[in-house]
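To start, the structure under review is shown below, and the notes come after it.
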Amino acid sequence: MPELPEVETVRRTLAPHVIGRTFTKADVKHVPMVRPHTPSEFSKALAGQTVNTINRLGKYLIFELDTLALIVHLRMEGKFFLGDKNAPVRSHEHVRYHFNDGGSLIYDDVRKFGTHTLKPLATHRETPPLSTLGLEPGDPMLDVDYLISKLTTTRTIKSALLDQSIILGLGNIYVDEVCFCAKIRPTTRAHRLTKTSVHRLIECATSVIAHAVALGGSSIRSYTDSLGVSGRFQNELNVHLREGEPCLVCGETIKKIRVAGRGTYYCRRCQKA
DNA sequence: CCGAATTCCTGTTGGC
DNA sequence: TGCCAACAGGAATTCG
């Protein structure tokens, strides 16, 4: 599932291919994907708009057009492909964006969970969903005081770290890795964490995400290549998907449990906080 | 308001 | 080997 590092990789890969190109229309095959727009109003609004830049906020891709922002969330398995006018329809193709040069940008998504929405460019960051988002790992504003103020909840720290209004961009894989790095058990109640643990959490979120971005993200079963996007971070995972294998730090067997409704991997010896 | 459960969706996996 | 239920999960929505 694409998390911040995978989405950043998609952004970097896509940018040189689509910046400067102008849309003529979009064929929407899965109607709910462009909600609340109807396919025809979505397509008409895009016509004549040029892609000036592609940004990213957390796991959201933001295509900045002339007067609109096209905000795309890949959710689990969304992928982009570039095609020409004769590109065959892909098996899970749901949206095809057409450019005035005859080319196309194809969105493919097995589970149809992705979302594509249009917002006025001038105010897109001030309205949901972007307006509700927290701070990205590496943002200087993400300090101990900020995080402690957000962790007054009784939920588990895993649940809190998955909450995009607190820290941005972490999903199931990276939350497990960040908790391992910070020596924090995923089941610990957020408000019970010490200041020292919260400090480690920030350091780890920053370092794990930076390392994953540098390696182009992770390619695992539910998220693989599109546009030549093939990350190498899956080879660096310390706990995620390693149930039954020895902890790379202490040798203890990695456990898998269920936390916040998600498969969760941790080392019971290293993660005691 | 808070947090847990449900919903969306389909390919893969595991148990019998 | 074949069948089918369970599972995977981000975030919006519903429920208690």
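These values consider heavy atoms only, across backbone and side chains, with no hydrogens, waters or symmetry-generated copies. Quick note on labels: first sequence line is chain A, next is B, and so on, each numbered from 1.
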Open item on the list: If the cut-off is 4.0 Å, is A:Arg35 near the phosphate of B:dC8, judged by side-chain N/O to OP1 or OP2?
Closed with: no
Open item on the list: Tell me the bend of the helix from B:dC2-C:dG16 to B:dC16-C:dG2 as the angle between end helix axes, each from five pairs, rounded to the nearest 10 degrees.
Closed with: 70°
Task: Minimum-distance nucleotide (side-chain atoms of A:Tyr60 versus B:dC9, B:dG11, C:dA12) - done: C:dA12
- [ ] State which of B:dG3, C:dA12, C:dG10 makes the closest approach to the side chain of A:Pro129.
- [x] C:dA12
Task: Any donor-acceptor N or O pair under 3.5 Å, side chains A:Tyr265, A:Glu245 - done: no
Task: Under 3.5 Å donor-acceptor pair, A:Arg111 side-chain atoms to B:dG11 base atoms - done: no
Task: 5′-ward residue of the pair A:Thr132/A:Phe113 relative to DNA chain C - done: A:Phe113
For a quick check of understanding: with a heavy-atom distance under 4.0 Å over all strands, which category does [X] fall into, base, sugar-phosphate or nothing?
X: A:Gly261; result: nothing
X: A:Thr115; result: nothing
X: A:Ser159; result: nothing

TODO: List in chain and number order the residues that pass disulfide (SG to SG under 2.5 Å) with A:Cys181, two or more places apart in sequence or in another chain; answer none if no residue qualifies.
DONE: A:Cys204
TODO: Could you check A:Ile71, A:Leu70, A:Ile54, A:Asn55 and say which one makes a side chain to side chain contact (heavy atoms under 4.5 Å, CB included) with A:Leu61?
DONE: A:Ile54
